[in-house]
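Index from 1, following the sequence. In what follows, every heavy atom counts, from backbone to side chain, and hydrogens, waters and symmetry copies are set aside.
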Amino acid sequence: MSIRIQEKDRLFSLETENTMYQMKADELNVLLHVWYGQKTCADMSYLIRMSDRGFCGNPWESQNRREYSLDTLPQEYSSAGVGDYRSPALCAELENGSRSTDWRYAGYRLLKGKTRPSGLPGLRGSAETEGLEICLEDKTSGLKAYLTYWVFEALDVIVRSTRIENRGEAAVTLRKAASVCIDFPYGKKEVIHFHGRHAMERVMERNPVPRGGQLTFESRRGMSSHQSNPFVILCDPDTTERQGEAWGCMLMYSGNHLEEISCCQTASVRLVSGIHPECFSWPLNPGESFHTPEAILSYSAEGLNALSRNYHRVIRDEVIPPRWRGVRKPVLVNSWEACYFDFNAEKLLKLAVAAKELGMEMLVLDDGWFGERNDDTTSLGDWFCNEKKLGCGLKELSERIHALGLYFGLWLEPEMISARSDLYRNHPDWALTDPDRKPMVGRNQLVLDMSRQEVQDYLFDAISRILKDARIEYIKWDFNRCVANVWSHALPAGRQGETAHRFIMGTYALLERLEEAFPDVMIEGCSGGGGRFDAGMLYYCPQIWCSDDTDAVERLEIQRGTSFGYPACAMGSHVSACPNHQTGRIVPFATRGMVAMSGTFGYELNPEKLSAEEKETVKQQIAAFHRFEGLIAEGDYYRLDDAGGDETAWLFVSPDQKEALLTVVVTHVRAYSPFPLVRLQGLDPDGTYRREDTGETVTGAALMYGGISFPPFMGDYPAAQVYLTQVDEN
Ligand code: DGJ
């Protein structure tokens with residue numbers, strides 16, 4: 001039983017295999033957050049102490065009990081305007097202009113059978129998944145907040161979301177509706193977040209949560225963004241990859257988001273996460289409700305690596321489409337860095353022949369095949385094959401590619417529209433544009449109003465037509481600018497605050513329809529690389545192009561940062577040509593292969609242009625990838641570079657601990673350096689492992705506590721891959 005309720009104490013415990021989440025309705029019907037952490041099986045509310053603190057007001061019903069204050073007690077869904085001066089979970093503007101809400105416990109309901117927030121992705125679960133719904137009410141306005149918790153016991157994951165219902169008699173406007181609020185009452189905390197920019201996504205950074213202050217991470221860009229991933233980790237100052245406590249909060253959402261982490265006067269830390277309130281308002285008439293996105297919570301007492309593995313498991317098992325779970329993906333070659341906009345069918349076919357000879361399995365035709373598109377100034381929205389440019393239609397091209405023994409994939413950027421397009425000429429109001437204002441352009445393009453049903457229908461028909469006509473196994477779904485001028489021509493002035501959220505729900509609805517209609521077409525997410533790398537998109541796209549920076553050395557940091565929350569099987573990564581197109585750096589071909597195969601693996605180059613030696617290397621890389629792809633996609637992942645230094649190292653270990661694959665890349669070779677030493681993790685300490693490269697055998701304990709020592713590396717960006725298998729000693 002994952003949910004225990006002690007009725008007498010009104011104590012609610014959600015238990016997973018190793019964690020416990022607890023809350024309690026107190027004597028004033030305030031729902032207190034009691035605990036999230038190690039599974040203790042105890043009533044942890046003894047830790048909540050009260051004392052009179054100056055300038056911390058008391059609710060009227062406390063009868064001036066000066067030690068009882070909403071400002072200091074740990075809250076499960078914080079009220080607004082009634083004495084808790086920390087960040088509120090919700091802000092609702094009532095008909096009379098008041099923005100106060102005072103949440104009090106009003107009952108609970110046990111749930112069975114996972115459901116999703118309406119119109120949004122959610123963890124899949126099953127008919128057996130258990131959940132709890134706690135109802136809070138604000139008596140004055142008639143608003144109810146239904147806090148929903150789903151327990152994924154074996155995964156050490158709890159999923160939270162909130163549904164706000166207006167049971168009052170007057171309309172209200174939601175100005176903020178967070179998915180989650182948690183107060184961590186004890187101890188100093190640090191916060192890890194993932195910032196970046198285009199071509200430099202998800203750089204991990206760790207900071208102390210400042211006393212009396214607040215850190216915020218956010219996107220107002222209409223997308224989860226390159227700049228700030230909707231995932232944060234709180235941890236203790238002494239937490240490392242290998243030990244210590246860590247709490248993760250990942251919003252399953254691809255639009256504007258805000259994470260607030262504050263440390264209040266009494267040193268408790270509050271985390272609030274949800275849709276960004278600045279870009280949002282939602283009128284709720286009597287009887288209407290609004291459901292927030294889900295937040296995926298996990299806790300580990302064994303360091304950051306263990307927390308990451310919880311997220312990897314939950315994304316693999318409960319987020320990505322089941323159709324693609326554990327499925328072997330073709331090694332692809334993408335036309336973008338090979339040709340950019342300069343191609344025709346003959347050129348693509350020559351590229352395909354060369355790719356096939358080296359063992360590649362799918363040709364993806366990137367941007368430039370439609371409308372009049374020969375550069376990025378035109379034609380988005382006109383999803384008709386440019387037969388003049390290609391020399392044939394998509395049907396013929398796809399058949400010729402298939403005849404060579406390759407699958408065929410196609411690039412699309414459905415949510416965008418070029419001002420120079422037939423679509424825009426015919427439907428200028430389908431673009432998001434402010435009235436009386438020139439719109440912002442990004443990469444010469446405008447953004448379609450995905451909140452409109454007719455726009456979704458147009459795209460569904462256009463994409464369906466292509467998928468029915470040609471033989472296409474894969475779509476690369478791009479999104480190449482931030483959203484601005486968020487004004488829908490289909491909504492009245494008073495409802496424009498809904499547009500940004502309706503936009504992302506429109507995208508989700510379109511993806512869902514396409515997936516239902518074409519279940520065998522795999523969609524890879526992309527947004528100028530990894531600008532929308534989030535659990536919301538992963539619900540529809542089993543993999544996402546990680547970054548437009550294909551430089552293997554840059555990718556070390558990008559893929560490392562991504563690995564904190566997302567599994568390798570979701571990270572689109574390719575070997576590209578050198579000098580690298582983004583940085584001009586030259587990295588050995590072998591190193592490029594090892595870095596790219598720690599994700600979905602493919603090539604972003606013209607195989608015809610490779611030297612004979614490089615072609616041989618490609619064949620070996622593809623063979624190696626096929627040998628290890630199960631281990632990479634399904635294995636347990638460990639970051640091993642916590643000792644610092646010039647090496648970046650990571651490890652995949654099979655769930656049965658029988659095999660492991662270690663990769664080490666040296667980013668700065670120095671003269672007379674100490675022998676690089678990498679200590680492994682996750683092996684069977686009593687098992688004996690054979691190193692395939694040297695034939696040596698050594699125990700798992702020795703590999704984990706002693707490590708593998710390498711001879712000094714030489715040259716620029718050298719790398720090594722070591723495959724280990726457990727052998728029977730007898
Ligand atoms: C951005 C993507 O990340 C690239 O891989 C490529 O598809 C271009 N867009 C094409 O416009």
Of Arg202, Glu557, Arg555, Glu201, the residue whose pairing with Thr562 passes side-chain hydrogen bond (donor to acceptor under 3.5 Å, both in side chains): Arg202

Check Phe152, Tyr36, Phe12 against Tyr21 for a ring-ring contact (aromatic ring centres under 6.0 Å, His included) and give me the one that passes. Tyr36

Tell me whether Glu302 at atom CD has more than 12 heavy atoms from other residues, nucleotides or ligands lying less than 6.0 Å away. no

Tell me whether Arg513 is salt-bridged to Asp457, with the criterion being a basic N under 4.0 Å from an acidic carboxylate O. yes

Checking Thr292, Ile296, Ile182 against Arg160 for side chain to side chain contact (heavy atoms under 4.5 Å, CB included), the one that qualifies is Ile182

Should we count OH of Tyr508 as having more than 12 external heavy atoms under 6.0 Å? yes

Using 4.0 Å as the upper bound for N to carboxylate O, is an ion pair formed by Arg443 and Asp548? no

Please determine whether a side-chain nitrogen of the Lys or Arg among Glu133 and Arg109 lies less than 4.0 Å from a carboxylate oxygen of the Asp or Glu. yes

Do the rings of Phe564 and Phe194 sit parallel, tilted or perpendicular, given the 30° and 60° boundaries? tilted

Enumerate the side-chain hydrogen bond (donor to acceptor under 3.5 Å, both in side chains) contacts for residues 459-475, please, sequence neighbours excluded, ordered by first and then second residue. His402-Glu473, Tyr474-Glu524

For the residue pair Ser254 and Asp534, confirm or rule out a side-chain donor-acceptor distance under 3.5 Å. yes

Determine the interplanar angle of the Trp247 and Tyr299 rings, folded into 0 to 90°, and report it as parallel if under 30°, tilted if 30 to 60°, perpendicular if over 60°. tilted

Set of residues satisfying side-chain contact (heavy atoms from CB on, under 4.5 Å) with respect to Val191, sequence neighbours excluded: Val209, Leu215, Phe217, Val232, Leu234, Ile261

Kindly assign one of parallel, tilted or perpendicular to the pair His195 and His193, based on the angle between their ring planes and the thresholds 30° and 60°. tilted

Should the ring pair His226 and His198 be called parallel, tilted or perpendicular, given that the plane angle runs from 0 to 90° and is split at 30 and 60? perpendicular

Pair Glu17 + Arg313: basic N to acidic O under 4.0 Å: no

Is it true that Thr550 and Glu337 share a donor-acceptor pair across their side chains at a distance under 3.5 Å? yes

With a 3.5 Å cut-off and no angle check, do the side chains of Arg328 and His626 form a donor-acceptor pair? yes

A quick test of your reading: do over 12 heavy atoms of other residues, nucleotides or ligands sit less than 6.0 Å from CZ of Arg221? no

Cation over ring, Arg124 on Trp150, under 6.0 Å and within 45°? no

Look only at the side chain of Ser179 and the backbone of Ser161, and say whether a donor-acceptor pair between them is shorter than 3.5 Å. no

Parallel, tilted or perpendicular: ring planes of Tyr253 versus His501, cut at 30 and 60 degrees: tilted

